[in-house]
Amino acid sequence: MAYKIAIIVGSLRKDSINRKIARSICAIRNDNLDCSMVEIGDLPLYNQDYDGSPGEPEQYARFRDQVRSADGVLFVSPEYNRGMPGVLKNAIDVGSRPYGQSVWDKKPAAIVTASPGSIGGFGSNHQIRQSCVFLNMPVMQQPEAYLGHVSDGSFDESGCLKDGPLKDLVTTLAHSFHDWVDMIHRSRAALAEDSAHAAKQKQPA
C-alpha cells in the first residue's frame with residue numbers, strides 16, 4: 001500500500017540541500033510513499049484574529065487541506081540559530097488552528113535535519129520534535145536523522161544523493177519511515193476492529 005506523505009521543507013531556498021534530501025527519500029521509496037511537497041513560503045504569519053473569520057487567508061485553507069489528506073508527515077529542515085526556521089514554525093502554527101481542528105493530530109511523522117555543519121541541525125530537530133509532542137503526532141524515534149557535512153556536492157546533477165554513506169543512511173531512513181507509518185495505521189485499524197468486536201459481544205442477545 002502506498003501511503004500519502006506530506007513533506008514540509010523548512011527552507012525556502014530553491015536549491016536547498018534539505019529539499020534535495022526530501023526528494024531523495026521519496027525517490028528511494030516511490031513504490032510505497034506517495035510524496036507531495038507542501039509549500040509554506042506563501043503562508044501569511046499566523047494571527048488568531050483569522051480563526052473562523054471571512055478574512056482568513058486562502059493560503060491557510062490550501063495548506064490545511066493538503067496536510068489533512070495525508071497519511072503521514074515528513075519534516076525536512078535546516079537549523080537557523082540553533083532552532084527551527086521561523087517559516088516552519090509559522091506553518092506548524094497555521095496547521096494547528098483553529099483550536100480543536102489541528103490537521104496534525106495523530107498523524108505519524110518523521111523529522112530529518114541536514115546541515116553543512118557537523119551537528120546536522122540537532123537544535124532544529126528537537127524543536128520540531130517538541131512541537132510534535134504537543135500536537136499529538138507519533139514521531140519516529142529511530143534512526144535519528146541529524147545529517148551533517150551535507151553540501152551541494154553530495155548530490156548528482158538530477159538533485160539526488162550520490163552513492164555513499166550518506167545515501168545509505170537516507171535509504172535506511174526512507175525504509176524506516178515507511179514501516180513507521182505502516183505500523184501506526186495498521187495498529188489503529190486493529191484496535192478499531194477489536195473495539196468493534198468487543199462492543200458487539202456486549203450487545204444483548
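- Listed by first and then second residue, the salt bridge (Lys or Arg N to Asp or Glu O under 4.0 Å) pairs that reach into residues 74-83 are Glu79-Arg82, sequence neighbours excluded.
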Inset, instruction - Could you check Ser77 against Phe75 for side chain to side chain contact (heavy atoms under 4.5 Å, CB included), going step by step and ending with a plain yes or no? - result: CA-CA 6 Å; Ser77 180; Phe75 295 99; 5.8 Å; no

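- In this structure, Pro108 and His185 have side chains that are in contact, with non-hydrogen atoms separated by less than 4.5 Å.
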Inset, instruction - Might you work through the side chain to side chain contact (heavy atoms under 4.5 Å, CB included) test for Asp34 and Ile5, ending with a clear yes or no? - result: CA-CA 6 Å; Asp34 179 12; Ile5 304 300; over 6 Å; no

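- One hydrophobic cluster holds both Ile40 and Val67 under the rule that ILVMFWY side chains link at heavy-atom gaps under 4.5 Å.
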Inset, instruction - Run the numbers on His175 and Thr171 for side chain to side chain contact (heavy atoms under 4.5 Å, CB included), then give the verdict. - result: CA-CA 6 Å; His175 288 292; Thr171 298; 3.6 Å; yes

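- Contact of the Val9 side chain with the Leu88 side chain is not registered, since no non-hydrogen atoms from C-beta on lie closer than 4.5 Å.
- Atom-to-atom distance recorded for Ser187:OG and Asp182:CG is 8.5 Å, nearest 0.5 angstrom.
- For residues 115-125, no pair satisfies salt bridge (Lys or Arg N to Asp or Glu O under 4.0 Å), with sequence neighbours left out.
- Not a single donor-acceptor pair under 3.5 Å links the side chain of Ser176 to the backbone N or O of Leu173.
- No donor-acceptor pair closer than 3.5 Å links the side chain of Ser154 to the backbone N or O of Val150.
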Residues 109-125, side-chain donor-acceptor partners within the protein, below 3.5 Å, at least two apart:
| residue | atom | partner | partner atom | Å |
| --- | --- | --- | --- | --- |
| Thr113 | OG1 | Gly120 | O | 2.8 |
| Thr113 | OG1 | Gly121 | O | 3.2 |
| Thr113 | OG1 | Asn125 | ND2 | 3.2 |
| Thr113 | OG1 | Ala145 | O | 3.4 |
| Ser115 | OG | Gly117 | N | 2.9 |
| Ser124 | OG | Pro78 | O | 2.9 |
| Asn125 | OD1 | Arg129 | NH2 | 3.4 |
| Asn125 | ND2 | Ala145 | O | 3.3 |

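- The salt bridge (Lys or Arg N to Asp or Glu O under 4.0 Å) analysis of residues 2-15, with sequence neighbours excluded, yields no pairs.
- A tilted orientation is assigned to the rings of Tyr3 and His178, their planes being inclined by 30° to 60°.
- Inter-residue side-chain proximity for Trp180 and Pro138 is flagged as met; some heavy-atom pair is nearer than 4.5 Å.
- By the 4.5 Å heavy-atom criterion applied to side chains, His126 and Ile128 are not counted as neighbours.
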Inset, instruction - Dump the intermediate steps for side chain to side chain contact (heavy atoms under 4.5 Å, CB included) on Met137 and Lys106, then the final yes or no. - result: CA-CA 5 Å; Met137 303 179 76; Lys106 298 178 181 174; over 6 Å; no

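- The minimum heavy-atom distance linking Pro44 with Tyr60 is given by the pair O-OH, 3.1 Å.
- For the atom pair CZ of Phe177 and CG of Asp179, the computed distance is 11.0 Å after rounding to the nearest 0.5 Å.
- Counting only distance, with no hydrogens or angles, the side chain of Lys167 and the backbone of Phe155 share no donor-acceptor pair below 3.5 Å.
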Inset, instruction - Before giving the answer on side chain to side chain donor-acceptor pair (under 3.5 Å), spell out for Tyr146 and Glu144 the whole-Å C-alpha distance, their side-chain angles and the decisive distance to 0.1 Å. - result: CA-CA 6 Å; Tyr146 318 116; Glu144 293 182 303; 3.0 Å; yes

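- Looking at Gln127 and Cys132, their side chains never come closer than 4.5 Å, going by heavy atoms from C-beta outward.
- Here the side chain of Gln59 pairs no donor or acceptor atom with the backbone of Leu43 at under 3.5 angstrom.
- Within a 6.0 Å sphere centred on CZ of Arg62, heavy atoms belonging to other residues, nucleotides or ligands number more than 12.
- The heavy-atom pair separating Asp51 from Tyr46 by the smallest distance is OD2-OH, 2.8 Å.
- Cluster membership for Val87 and Leu135, using ILVMFWY side-chain heavy atoms within less than 4.5 angstrom, is shared.
- Between the OG atom in Ser53 and the CD atom in Gln48 there is a gap of 11.0 Å [rounded to 0.5 Å].
- Using a 4.5 Å cut-off between side-chain heavy atoms of Ile, Leu, Val, Met, Phe, Trp and Tyr, with links allowed through other members, Val139 and Met183 fall into different hydrophobic clusters.
- Taking CG of Asn90 as the reference point, atom CE of Met84 lies at 11.0 Å (rounded to 0.5 Å).
- Note that CG of Leu161 and CD1 of Ile28 are 7.0 Å apart. Values are rounded to the nearest 0.5 Å.
- Residues Val94 and Leu12 share a single hydrophobic cluster, defined by chaining ILVMFWY side chains whose heavy atoms lie under 4.5 Å apart.
- The ring pair (Phe, Tyr, Trp, His ring centres under 6.0 Å) check on His149 picks up nothing, with sequence neighbours excluded.
- Using a 4.5 Å cut-off on side-chain heavy atoms (C-beta onward), Leu147 and Leu169 make contact.
- Across all non-hydrogen atoms, the minimal contact from Arg19 to Ser11 is NH2-O, 3.8 Å.
- Residues Ile7 and Cys35 come closest through the heavy atom pair CD1-CB, 3.7 Å.
- Of all the heavy atoms in Gln142 and Met140, the pair that sits closest is O-CG, 3.4 Å.
- The residues Lys89 and Asp93 are annotated as salt-bridged, a charged nitrogen and a carboxylate oxygen being separated by less than 4.0 angstrom.
- Formation of a donor-acceptor pair under 3.5 Å by the Trp104 side chain with backbone atoms of Ile92 is found in this model.
- Closest non-hydrogen pair, Asp71 versus Val181, comes out as O-CG1, 4.1 Å.
- Judged purely by atom type and a 3.5 angstrom limit, Thr172 uses its side chain to pair as donor or acceptor with the backbone of Asp168.
- For the atom pair CG of Leu166 and CD1 of Ile21, the computed distance is 5.0 Å after rounding to the nearest 0.5 Å.
- For CD of Glu58, the number of neighbouring non-hydrogen atoms (other residues, nucleotides, ligands) closer than 6.0 Å is 12 at most.
- Residues Leu33 and Met37 fall within the same hydrophobic cluster, defined by Ile, Leu, Val, Met, Phe, Trp and Tyr side chains chained together at heavy-atom separations under 4.5 Å.
- Between Glu157 and Lys162 there is no salt bridge, since no side-chain nitrogen of the basic residue lies less than 4.0 Å from a carboxylate oxygen of the acidic one.
- In this structure Asp65 satisfies the salt bridge (Lys or Arg N to Asp or Glu O under 4.0 Å) test together with Arg68, sequence neighbours excluded.
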